[in-house]
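Read the structure below first, then the notes.
Predicted model only: the values in this text are computed from it and were never measured.
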Amino acid sequence: MSGDTTAGHEKWMREALRFASIAAGRGEVPIGAVLVRDGELLAGAHDSKELTGDPTAHAEILVIREAAERLGDWRLDGAELYVTLEPCPMCAGAMLQARVAKLVFGASNPRWGACGTEFNLLGNPRFNHQVKVEGGVLAEECGALLSNTFRQYRAAEGARPERDPRK
């Protein structure tokens, strides 16, 4: 695997945080993701639901789409997905479908977390594929970005999005 060290995980999570910061600057939910294989960045994205009007424009979905297009194959065997917030059920399902090998996330998601916090789709033995999961990488930084961004959104009249996905 490409980042199976603390330093490797932190490097890629910082890259995901960079994308999350871009999202915050664009009025989006500040979630960023990168997809890596063999130490190479295949794709990076941030949530873009507000910009696109597409409810599926989560960072995880966007990086999976971009990597599959780049590689010309929907199978992302051996790839690791780094995301600043624990994925929702839709995104966990996309990881299973794409055969992502490992998920590394920052902050837990007590509202929508489908990778161990609320339930765990990725380790369900009924599926023909499971995804290894490691959570809590740079969790404080990832959570702080979410909290601070939503505090700013609330302070700005009429700002969107209105709700922190963790609550």
Legend entry - Single-linkage hydrophobic cluster Val34~Val137, side-chain heavy atoms < 4.5 angstrom: yes
Inset, instruction - Determine whether Leu51 and Phe150 fall in the same hydrophobic cluster, where Ile, Leu, Val, Met, Phe, Trp and Tyr are linked whenever their side-chain heavy atoms lie under 4.5 Å apart. - result: no
Inset, instruction - Would you list the pairs meeting salt bridge (charged side-chain N to carboxylate O under 4.0 Å, His left out) in which at least one residue belongs to residues 138-150, sequence neighbours left out? - result: Arg14-Glu141
Legend entry - Test applied, side chain to side chain donor-acceptor pair (under 3.5 Å); reference residue, Tyr82; option that passes from Lys11, His9, Lys102: His9
Legend entry - Pairwise side-chain contact, Val100 with Leu122, heavy-atom cut-off 4.5 Å (strictly under): no
Legend entry - For Asp47 against Val29, the heavy-atom pair lying closest together: CB-O, 3.5 Å
Inset, instruction - Treating Ile, Leu, Val, Met, Phe, Trp and Tyr as nodes and any side-chain heavy-atom pair under 4.5 angstrom as an edge, say whether Val133 and Ile64 lie in one connected cluster. - result: yes
Inset, instruction - Say whether Leu96 and Phe105 are linked into one hydrophobic cluster, either directly or through other cluster members, by side-chain heavy-atom distances under 4.5 angstrom. - result: yes
Inset, instruction - Would you check if the side chain of Thr84 reaches a backbone N or O of Gly32 as a donor-acceptor pair within less than 3.5 Å? - result: yes
Inset, instruction - Please report the shortest heavy-atom distance between Ser48 and His46, naming the atom on each side. - result: OG-O, 3.1 Å
Inset, instruction - Find the distance between OG1 (Thr52) and CG (Leu62) and round it off to the nearest 0.5 Å. - result: 7.5 Å
Inset, instruction - Check salt bridge (charged side-chain N to carboxylate O under 4.0 Å, His left out) between Asp73 and all other residues, then give those that pass, not counting sequence neighbours. - result: Arg75
Inset, instruction - Identify the heavy atoms of Glu28 and Lys49 that sit nearest to each other, and give their distance. - result: OE1-N, 3.1 Å
Legend entry - Main-chain N/O of Asn124 paired to Gln130 side chain as donor or acceptor, under 3.5 Å: yes
Inset, instruction - Return each pair, listed once, that meets salt bridge (charged side-chain N to carboxylate O under 4.0 Å, His left out) where at least one residue sits in residues 56-71; pairs must be two or more places apart or across chains. - result: Glu40-Arg70
Side-chain atoms of residues 15-23: list all donor-acceptor pairs with protein atoms under 3.5 Å, sequence neighbours left out, distances to 0.1 Å.
residue: Glu15; atom: OE1; partner: Arg18; partner atom: NE; Å: 3.4
residue: Glu15; atom: OE2; partner: Arg18; partner atom: NE; Å: 3.2
residue: Glu15; atom: OE2; partner: Arg18; partner atom: NH2; Å: 2.8
residue: Ser21; atom: OG; partner: Leu17; partner atom: O; Å: 3.2

Inset, instruction - Report yes if some heavy atom in the side chain of Val83 is under 4.5 Å from a heavy atom in the side chain of His58; otherwise report no. - result: no
Legend entry - Any residue meeting side chain to side chain donor-acceptor pair (under 3.5 Å) with Asp77, in chain and number order, not counting sequence neighbours: none
Legend entry - Partners passing side chain to side chain donor-acceptor pair (under 3.5 Å) against Asn148 (at least two apart in sequence or in another chain): Arg151
Inset, instruction - Quick one: list whatever passes side chain to side chain contact (heavy atoms under 4.5 Å, CB included) with Ala67, sequence neighbours left out. - result: Leu35, Leu42, Ala43, Leu76
Residues 85-95 side chain polar contacts: donor-acceptor under 3.5 Å, at least two apart:
residue: Glu86; atom: OE1; partner: Asn109; partner atom: N; Å: 3.0
residue: Glu86; atom: OE1; partner: Thr117; partner atom: OG1; Å: 2.4
residue: Glu86; atom: OE2; partner: Cys115; partner atom: N; Å: 2.9
residue: Glu86; atom: OE2; partner: Gly116; partner atom: N; Å: 3.2
residue: Glu86; atom: OE2; partner: Thr117; partner atom: N; Å: 3.0
residue: Glu86; atom: OE2; partner: Thr117; partner atom: OG1; Å: 3.4

Legend entry - Cluster link Leu103 to Phe127, ILVMFWY, side chain under 4.5 Å: yes
